[in-house]
There are 2 protein chains.
Amino acid sequence: MSKVRMEKLKPMDTRLSRWGKALAHPARIAIPRTLSQRDACVCAEIVDHLPLAQGTVSQHLKDLKNAGIITWTVEEPSSCYSLDKKTRSQLAGEMGRLFEEITSGCNSTTCSTKVKSK
Amino acid sequence: MSKVRMEKLKPMDTRLSRWGKALAHPARIAIPRTLSQRDACVCAEIVDHLPLAQGTVSQHLKDLKNAGIITWTVEEPSSCYSLDKKTRSQLAGEMGRLFEEITSGCNSTTCSTKVKSK
DNA sequence: TCCTTTTATCGCATCTATACGACAAAAGAT
DNA sequence: ATCTTTTGTCGTATAGATGCGATAAAAGGA
């Protein structure tokens with residue numbers, strides 16, 4: 001999408017869509033889940049749990065880093081990944097609010113507005 | 001992603017990633033929000049509120065339909081869109097569980113597992 | 001210094017997503 | 001029967017996402 005068009009959309013919607021995009025791939029769902037369920041913080045272990053090449057997993061990890069979902073510490077030669085606490089709650093909060101909005105509104109089952117003429 | 005690879009991932013992760021993908025575009029955040037906040041159920045009004053061509057909006061509406069997020073009734077020549085109640089709660093429920101999982105696990109700040117040798 | 005280990009990045013190929021304008025479809029109005 | 005209105009779909013073009021193997025980088029060990 002072009003920058004011009006993006007600017008005409010609400011910043012909040014763009015921000016939320018970034019959360020969506022970050023979670024728009026099975027591997028990027030599986031990685032945070034793995035980090036929460038197991039102690040597999042080392043990159044190599046994450047790779048072992050996914051049917052993807054190391055380079056590909058590293059790319060997904062980068063996406064999750066950019067989205068602020070995970071943090072990492074470098075302990076050469078390995079990297080330790082973990083879930084970002086601060087952003088976790090922010091994610092849950094913002095998405096929760098979105099769901100509240102969506103859940104609370106528009107209870108009509110038929111069309112309430114019509115365009116009869118111009 | 002190829003079918004072979006998809007099959008090696010958990011079905012739950014694939015299902016959740018579809019929710020993410022459906023919400024991975026600002027327009028597909030804005031449309032459900034509009035449907036919840038206003039009574040703009042007629043397609044033409046949705047188009048008026050977005051900086052996108054009618055055909056493009058129709059495509060996004062199709063995506064949201066396929067994801068099960070919105071429902072619609074046809075009242076020729078117009079279409080009335082609304083949020084899908086059943087799927088709304090499902091979405092909130094599944095995503096909520098994911099966030100719970102993510103939020104509850106992995107409190108360590110340093111690496112807990114290391115691969116020293118093979 | 002030269003290997004080993006581990007991870008990030010690059011180059012490339014392919015597939016998907018997104019956008020637009022133009023057109024098709026459907027039903028009421030004239 | 002024809003026109004109008006509204007929406008869905010198509011063809012096409014471009015940008016982004018995704019994948020892999022190969023390579024670079026960084027630090028410790030031999």
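Labels below follow one simple rule: chain letters A, B, ... track the order of the sequence lines, proteins then strands, and each chain is numbered from 1.
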- Message: Please tell me if A:His25 has a side-chain N or O lying less than 4.0 Å from either OP1 or OP2 of C:dA17.
- Response: no

- Message: Can you measure A:Lys21 atom NZ to C:dA17 atom P for me and round it to whole angstrom units?
- Response: 12 Å

- Task: Report yes if at least one side-chain N or O of A:His60 is closer than 4.0 Å to OP1 or OP2 of D:dA17; otherwise report no.
- Result: no

- Whole angstrom value for the distance that separates C1' of D:dA17 from CZ of B:Arg18: 18 Å

- Message: What verdict does the side chain to side chain contact (heavy atoms under 4.5 Å, CB included) test give for A:Leu23 and B:Leu23, after you've listed the backbone C-alpha separation in whole Å, the side-chain angles of each residue and the deciding distance to 0.1 Å?
- Response: CA-CA 9 Å; A:Leu23 301 175; B:Leu23 301 175; over 6 Å; no

- Query: Expressed in angstrom and rounded to an integer, what is the separation of A:Leu64 atom CG from D:dA17 atom P?
  - Reply: 13 Å

Filtered N/O pairs between nucleotides 7-12 of chain D and protein, under 3.5 Å:
| from | atom 1 | to | atom 2 | distance (Å) |
| --- | --- | --- | --- | --- |
| D:dT7 | OP1 | B:Cys43 | N | 3.2 |
| D:dT7 | OP2 | B:Ala44 | N | 3.1 |
| D:dT7 | O3' | B:Ser79 | OG | 3.2 |
| D:dG8 | OP1 | B:Tyr81 | OH | 2.3 |
| D:dG8 | OP2 | B:Ser58 | OG | 3.0 |
| D:dG8 | OP2 | B:Tyr81 | OH | 3.4 |
| D:dG8 | N7 | B:Gln54 | NE2 | 2.8 |
| D:dG8 | O6 | B:Gln54 | OE1 | 3.2 |

- Task: For residues 22-31 of chain B, pull every pair meeting salt bridge (charged side-chain N to carboxylate O under 4.0 Å, His left out), keeping only residues two or more places apart or in separate chains.
- Result: B:Arg28-B:Asp63

- List the steps, then state whether side chain to side chain contact (heavy atoms under 4.5 Å, CB included) holds for A:Val47 with A:Cys43. CA-CA 6 Å; A:Val47 173; A:Cys43 177; 4.2 Å; yes

- Query: Can A:Leu9 and B:Ile29 be said to form a side chain to side chain contact (heavy atoms under 4.5 Å, CB included), step by step?
  - Reply: CA-CA 10 Å; A:Leu9 289 158; B:Ile29 298 280; over 6 Å; no

- Please walk me through it: do A:Lys21 and A:Ser17 pass side chain to side chain contact (heavy atoms under 4.5 Å, CB included)? CA-CA 6 Å; A:Lys21 197 169 293 187; A:Ser17 73; 5.7 Å; no

- Task: Starting at atom CG of B:Leu50, determine the distance to atom P of C:dC20, rounded to an integer number of angstrom.
- Result: 11 Å

- For the side chain of A:Ala53, starting at C-beta, report the closest nucleotide among D:dC20, C:dA19, C:dT18. D:dC20

- Please state whether the phosphate of D:dT18, meaning OP1 or OP2, lies under 4.0 angstrom from any side-chain nitrogen or oxygen of A:Arg28. yes

- Task: With sequence neighbours left out, write down each residue that passes side-chain contact (heavy atoms from CB on, under 4.5 Å) with A:Thr56, or none if nothing qualifies.
- Result: A:Leu52, A:Ala53, A:His60

